[in-house]
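I have placed the structure first, in the form of C-alpha cells, so that the comments after it can refer back to it.
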Amino acid sequence: YRFIKRGLIAAMNTMNTIMGTNLKAVECYRTEDAEMVVVVLGSAAGVLKDVVAYYRNVKGIKVGIVRPVHFNPPCYQELAYGIRNAKVITVLERTGMAHNQLLLSDIQDALLISLRAGREGGKEHKIYGRTDIPTLLHGVYGLGSKDFNKYDAGSVLENMQACYEKKTREHFLRDFFVGIEGPYTL
C-alpha cells in the first residue's frame with residue numbers, strides 16, 4: 001500500500017504542476033492551532049468551512065477541518081499532521097452501519113501512529129507526533145439523503161465545545177446523528 005500511496009501522491013503533485021492547483025492527499029483547513037478538529041469526507045466540508053470561519057472569527061474558538069481527499073489506501077501521517085494539536089476530534093461519516101465506520105478506524109490508527117511518533121519517533125516524525133490521545137467523538141450525517149446544512153454543522157461544533165469545556169455527559173453526545181429525528185440526534 002505505501003508504494004501505491006506514494007505513486008498517487010506523485011501523480012497528484014504532477015497534476016497540480018500542470019493544472020496550477022494545490023490539491024493534497026489530505027486537506028487541512030485552519031488546523032495549525034486548532035484545539036477542536038472535525039474530520040469529514042466530501043462536500044460536507046464546504047458547509048463546515050463557512051461555519052468554522054464564523055466560529056473562529058466571531059466566537060474566537062480554535063476549530064479546524066481535516067478532509068481526506070485520498071481515502072484508500074489511508075494517509076495516516078497526513079491525517080496525524082492535521083489532528084496534531086486537537087484536544088477533541090469529531091469524525092463525521094455518512095454511514096449508519098455500526099460495523100462499517102472506516103473513517104473513524106483510520107483516525108484511530110492515525111492517532112496511534114501519532115502517539116508512537118511522539119514517543120519514539122525521530123526528528124522527521126515530530127511534526128505529527130503527540131504525547132496524548134484526544135477525546136474522539138463520532139457523528140453520522142446525511143442518512144436518507146438528508147442535507148447537511150449550516151445548522152447541523154453548528155450543532156456538531158457546539159457538541160464539541162461542550163466536550164472540550166469538560167461538561168458532563170448530559171451536555172454532549174459521544175456518538176450522535178445530525179439531520180434526522182431520533183434519541184441520539186443533536
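The figures here come from the full heavy-atom set of this structure, side chains too, leaving out hydrogens, waters and symmetry mates.
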Under the 3.5 angstrom rule, does the side chain of Asn159 hit a backbone N or O of Ser155 as a donor-acceptor pair?
-> no
Once you round to the nearest 0.5 Å, how far does NZ of Lys59 lie from CG of Leu157?
-> 9.0 Å
Side-chain contact, heavy-atom cut-off 4.5 Å: Ile65 with Thr31?
-> no
Does His138 reach the side chain of Glu93, with side-chain heavy atoms less than 4.5 Å apart?
-> yes
For Cys75 and Ala25 the tightest heavy-atom approach is SG-CB, 3.8 Å
Between atom CG of Asn13 and atom CG of Asn22, what is the distance when rounded to the nearest 0.5 Å?
-> 9.0 Å
Taken to the nearest 0.5 Å, the spacing of Leu8 CG from Arg6 CZ works out to 12.5 Å
Working to the nearest 0.5 Å, report the span between CD1 of Ile83 and CD1 of Ile89.
-> 4.0 Å
Does the side chain of Leu41 come within less than 4.5 Å of Pro68's, by heavy atoms?
-> yes
Would you say Tyr29 and Val66 make side-chain contact, with heavy atoms under 4.5 Å?
-> no
Which pairs pass side-chain hydrogen bond (donor to acceptor under 3.5 Å, both in side chains) with one or both residues in residues 118-127, sequence neighbours excluded?
-> Arg116-Glu120
Do the side chains of Phe176 and Thr90 get nearer than 4.5 Å, heavy atoms only?
-> yes
Find out if a path of hydrophobic residues (ILVMFWY) with successive side-chain heavy-atom gaps under 4.5 Å connects Val178 to Tyr54.
-> yes
Following the transitive rule for hydrophobic clusters with a side-chain heavy-atom cut-off under 4.5 Å over Ile, Leu, Val, Met, Phe, Trp and Tyr, establish whether Leu112 and Val39 coincide in one cluster.
-> no
Is a side-chain N or O of Asn16 found less than 3.5 angstrom from the main chain of Met12, in a donor-acceptor match?
-> yes
Which residues share a side chain to side chain contact (heavy atoms under 4.5 Å, CB included) with Ile133, sequence neighbours left out = Leu111, Leu115
Qualifying residues under ring-ring contact (aromatic ring centres under 6.0 Å, His included), relative to Phe177, sequence neighbours excluded = none
Minimal heavy-atom distance between Gly82 and Cys28, with the atoms involved, is CA-SG, 3.6 Å
Are Gln108 and Leu136 close enough, and set up right, to give a side chain to side chain contact (heavy atoms under 4.5 Å, CB included), and what steps lead you there?
-> CA-CA 9 Å; Gln108 289 169 338; Leu136 199 55; 3.6 Å; yes
Assess whether side chain to side chain contact (heavy atoms under 4.5 Å, CB included) is satisfied between Tyr81 and Val26, documenting all intermediate values.
-> CA-CA 9 Å; Tyr81 178 77; Val26 175; over 6 Å; no
For Ala86 against Pro134, the heavy-atom pair lying closest together | O-CB, 3.4 Å
What closest approach, in Å, do Tyr128 and Ser114 show between heavy atoms, and which atom pair accounts for it?
-> O-OG, 2.6 Å
Would you say Thr135's side chain and Val88's backbone share a donor-acceptor pair under 3.5 angstrom?
-> no
Report the distance from atom CD of Glu35 to atom OH of Tyr164, rounding to the nearest 0.5 Å.
-> 3.0 Å
Considering non-hydrogen atoms only, spot the tightest contact between Ala34 and Val63 and give its length.
-> CB-C, 3.8 Å
Is there a donor-acceptor pair closer than 3.5 Å between any side-chain N or O of Ser105 and the backbone N or O of Gln101?
-> no
Path from Tyr76 to Leu104 over hydrophobic side-chain contacts below 4.5 Å = no
Where the side chain of Asn85 meets the backbone of Glu32, is there a donor-acceptor pair that is under 3.5 Å apart?
-> yes
Charged N-O contact under 4.0 Å between Glu27 and Lys49 | yes
Would a hydrophobic clustering, with Ile, Leu, Val, Met, Phe, Trp and Tyr connected at side-chain separations under 4.5 Å, put Ile127 with Ile113?
-> yes
Leu92 versus Leu48: any side-chain heavy-atom pair under 4.5 Å?
-> yes
So, do Leu173 and Asp175 sit near enough that their side-chain heavy atoms are less than 4.5 Å apart?
-> no
Are the side chains of Lys24 and Glu78 in touch, meaning some heavy atoms are under 4.5 Å apart?
-> no
Under 3.5 Å: donor-acceptor pair, side chain of Asn149, backbone of Tyr151 | yes
Take Asp152 and Lys150, measure what salt bridge (Lys or Arg N to Asp or Glu O under 4.0 Å) needs, and give me the verdict at the end.
-> CA-CA 5 Å; Asp152 296 333; Lys150 62 184 177 183; over 6 Å; no
Same apolar cluster: Ile4 and Ile9, side chain cutoff 4.5 Å | no
Spell out, as yes or no, whether a donor-acceptor pair under 3.5 Å connects the side chain of Arg67 to the backbone of Gly46.
-> no
Is the shortest distance from a Lys or Arg side-chain nitrogen in Arg84 or Asp33 to a carboxylate oxygen in the other one below 4.0 Å?
-> no
Should the heavy atoms of other residues, nucleotides or ligands under 6.0 Å from NZ of Lys166 be counted, would the total exceed 12?
-> no
Of the options Arg30, Glu158, Met160, which is the one that meets Tyr55 in a side chain to side chain contact (heavy atoms under 4.5 Å, CB included)?
-> Glu158
